[in-house]
Amino acid sequence: MIRYGIVGCGHIAKKHVAAIGAIEGAKLVAVCDTNEGRLAEFATGDVQGFTDLADMLKTDVDVVCVCTPSGLHPQLTIQVAEAKKHVVVEKPMALTLEDADRMIDACEKNGVKMAVVHPNRFRPAVIELRRQLEKEAFGKLGHANATVRWNRNQAYYDQAPWRGTKAMDGGVLMNQAIHNMDLLLWMMGDVEEVSSYHATRIRNIEAEDTSVSVMKFKSGALGVLEAAVTIYPKNLEESLSLFGEKGTAIIGGPTANRIKEWQFEELSKEEAQQTIQRVDEDPLGTPGHQCIIQDMTDAIMEDRTPIVSGIEGRKALSLVIACQKAAETGQPVKMSKLERK
């Protein structure tokens with residue numbers, strides 16, 4: 001039995017509780033939050049509650065899920081790693097590459113595993129897309145496009161003072177579009193260079209609420225990313241589109257879980273329709289957080305690296321940082337300058 005603890009009893013912690021509870025071989029045994037009111041909601045039955053993480057780390061928990069505001073992820077992850085506990089950390093893993101590297105180093109030094117929560121990789125439509133890539137069904141890839149056209153109204157940012165700040169939260173790239181950037185990298189490979197514009201157009205926040213970026217992948221393929229939390233009056237679209245010499249695929253809908261286009265030279269219309277129908281029957285599939293927790297549980301039992309490791313999480317973060325730097329300087333950013341030393 002792999003014993004889990006959670007630090008940070010906010011909204012996202014509920015998904016971790018549900019995920020742990022759904023997995024055979026995993027058990028939630030402890031939670032931690034400095035807010036005793038929030039803590040009381042989670043510390044029930046045989047789940048112990050702690051207001052100090054150091055105290056929780058003295059127990060026999062095997063893994064700690066870090067579910068705090070983003071700016072706190074590095075120090076808590078390092079504290080957990082130094083206590084010889086494995087870590088599941090919410091996205092973004094950190095807000096700077098320096099912090100991300102300190103987290104990775106701490107886990108490596110202490111012989112513990114780290115997984116970063118990028119659950120979109122486990123959506124049925126995304127899994128099908130990845131399969132087509134692995135089969136080389138696209139042939140030579142030409143370009144890709146990712147969009148996040150969502151609504152996060154002012155009330156969303158006003159509900160907590162850390163939301164929308166650069167120090168603790170980040171903007172639309174760091175907080176929302178980082179999932180799509182993870183998918184772009186997973187599908188298209190490493191990026192060579194990025195140019196970007198961003199703005200704070202509508203929301204009263206410190207970070208950006210709108211961003212547009214173009215990128216050149218190391219393969220020579222091109223990419224476009226559009227992200228905004230200003231769409232009226234609600235979430236409109238999240239999509240991922242890939243275009244190659246032998247294939248076109250578009251995953252769309254409000255949360256990118258429906259196949260909108262599925263055309264491949266070596267795939268009949270009947271076979272394509274079967275894939276679309278299969279996804280439509282269960283577009284959400286197994287909850288992404290459950291997949292992340294299941295993978296961490298299996299990784300411990302099998303002594304392997306989690307699928308979305310700290311290194312994988314850093315790749316998405318580095319692309320966010322590159323876009324931010326490009327927008328701030330007005331100059332293209334070479335990804336080689338952001339590589340892990």
Side-chain angles (χ1 to χ4, degrees), residues 1-33 38-39 41-50 53 56-57 59-70 72-73 76-77 79-81 83-94 103-104 107 110-124 126-127 130 178-179 182-183 186 255 257 282 284-314 316:
M1 182 67 67
I2 304 300
R3 299 162 62 87
Y4 281 82
I6 294 174
V7 57
C9 295
H11 170 73
I12 202 65
K14 296 177 181 178
K15 291 191 176 183
H16 287 255
V17 172
I20 295 165
I23 294 170
E24 185 177 350
K27 183 179 181 180
L28 179 64
V29 298
V31 291
C32 177
D33 199 292
R38 287 198 300 262
L39 183 64
E41 296 180 32
F42 290 80
T44 59
D46 57 356
V47 179
Q48 289 183 277
F50 299 88
L53 177 59
M56 187 176 83
L57 293 175
T59 70
D60 58 355
V61 296
D62 301 302
V63 188
V64 174
C65 299
V66 178
C67 300
T68 60
S70 302
L72 299 176
H73 290 175
L76 296 177
T77 294
Q79 185 179 354
V80 170
K84 310 296 184 182
K85 313 291 185 180
H86 305 290
V87 187
V88 175
V89 59
E90 269 293 335
K91 63 78 188 170
M93 62 183 293
M103 295 161 71
I104 294 169
C107 289
N110 289 282
V112 298
K113 305 178 190 302
M114 174 165 57
V116 182
V117 180
H118 281 296
N120 293 13
R121 290 194 186 195
F122 300 94
R123 291 175 176 171
V126 172
I127 291 172
R130 177 70 182 184
I178 192 169
H179 285 308
D182 173 66
L183 292 183
W186 195 39
T255 55
N257 53 25
D282 186 18
L284 299 178
T286 302
H289 279 75
Q290 184 176 328
C291 294
I292 293 286
I293 299 295
Q294 180 71 68
D295 179 61
M296 173 57 90
T297 302
D298 293 343
I300 294 170
M301 300 295 288
E302 300 165 7
D303 192 22
R304 61 168 174 79
T305 302
I307 292 172
V308 191
S309 65
I311 294 295
E312 287 294 294
R314 188 192 188 279

Ser309 (side chain) donor-acceptor with Pro306 (main chain) under 3.5 angstrom: no
Side chains of Val61 and Lys85 in contact at under 4.5 Å (non-hydrogen atoms): yes
Lys84 with Asp62: basic N within carboxylate O range, under 4.0 Å: no
Atom pair CZ/CD1 of Phe122 and Ile292 - distance to nearest 0.5 Å: 4.5 Å
Salt bridge present between Asp182 and Lys91 (N-O < 4.0 angstrom): no
Beyond-backbone contact of Leu284 with Arg123, side-chain heavy atoms, under 4.5 angstrom: no
Closest heavy-atom pair and its distance - Ile20, Leu28: CG2-N, 3.4 Å
With sequence neighbours excluded, residues passing side chain to side chain donor-acceptor pair (under 3.5 Å) with Thr297: Tyr4
Atom NZ of Lys113: over 12 foreign heavy atoms under 6.0 Å: yes
Glu302 atom CD, over 12 foreign heavy atoms within 6.0 Å: yes
Point-to-point distance, once rounded to the nearest 0.5 Å, from OG1 of Thr68 to CG of Leu53: 9.5 Å
Distance (rounded to the nearest 0.5 Å) between Cys65 SG and Ile293 CD1: 4.0 Å
Side chains of Val17 and Phe42 in contact at under 4.5 Å (non-hydrogen atoms): yes
Close side-chain approach of Arg304 and Asp298, heavy atoms under 4.5 Å: yes
Smallest separation among heavy atoms of His86 and Ile300, with atom names: CD2-CD1, 3.5 Å
Side chains of Val117 and Val88 in contact at under 4.5 Å (non-hydrogen atoms): yes
For Val116 against Gly310, the heavy-atom pair lying closest together: CG2-CA, 4.0 Å
Donor-acceptor pair between His289 and Glu90 side chains, under 3.5 angstrom: yes
Arg3/Asp60 ion pair, N-O < 4.0 Å: yes
Contact check, side chains of Phe50 and Leu57, non-hydrogen atoms, under 4.5 Å: no
Nearest atoms (heavy-atom pairs only) where Ala94 meets Met103: CB-SD, 3.8 Å
Gap separating the CZ atom of Arg130 from the CD1 atom of Ile127, nearest 0.5 angstrom: 11.5 Å
Closest heavy-atom pair and its distance - Val87, Met296: O-CE, 3.2 Å
Contact summary for His73 and Val66, nearest pair of heavy atoms: CD2-CG1, 3.8 Å
Charged N-O contact under 4.0 Å between Arg121 and Glu312: yes
Under 3.5 Å: donor-acceptor pair, side chain of Lys27, backbone of Met1: no
Distance in Å, Thr255 OG1 paired with Asn120 CG, rounded so as to fall on 0.5 Å steps: 8.5 Å
Exam field: side chain Arg314 to backbone Ile104, donor-acceptor pair closer than 3.5 Å: no
Under 3.5 Å donor-acceptor, Asp33 side chain and Cys9 backbone: yes
Gap between atom OG of Ser70 and atom CD1 of Ile178 - 0.5 Å precision: 8.5 Å
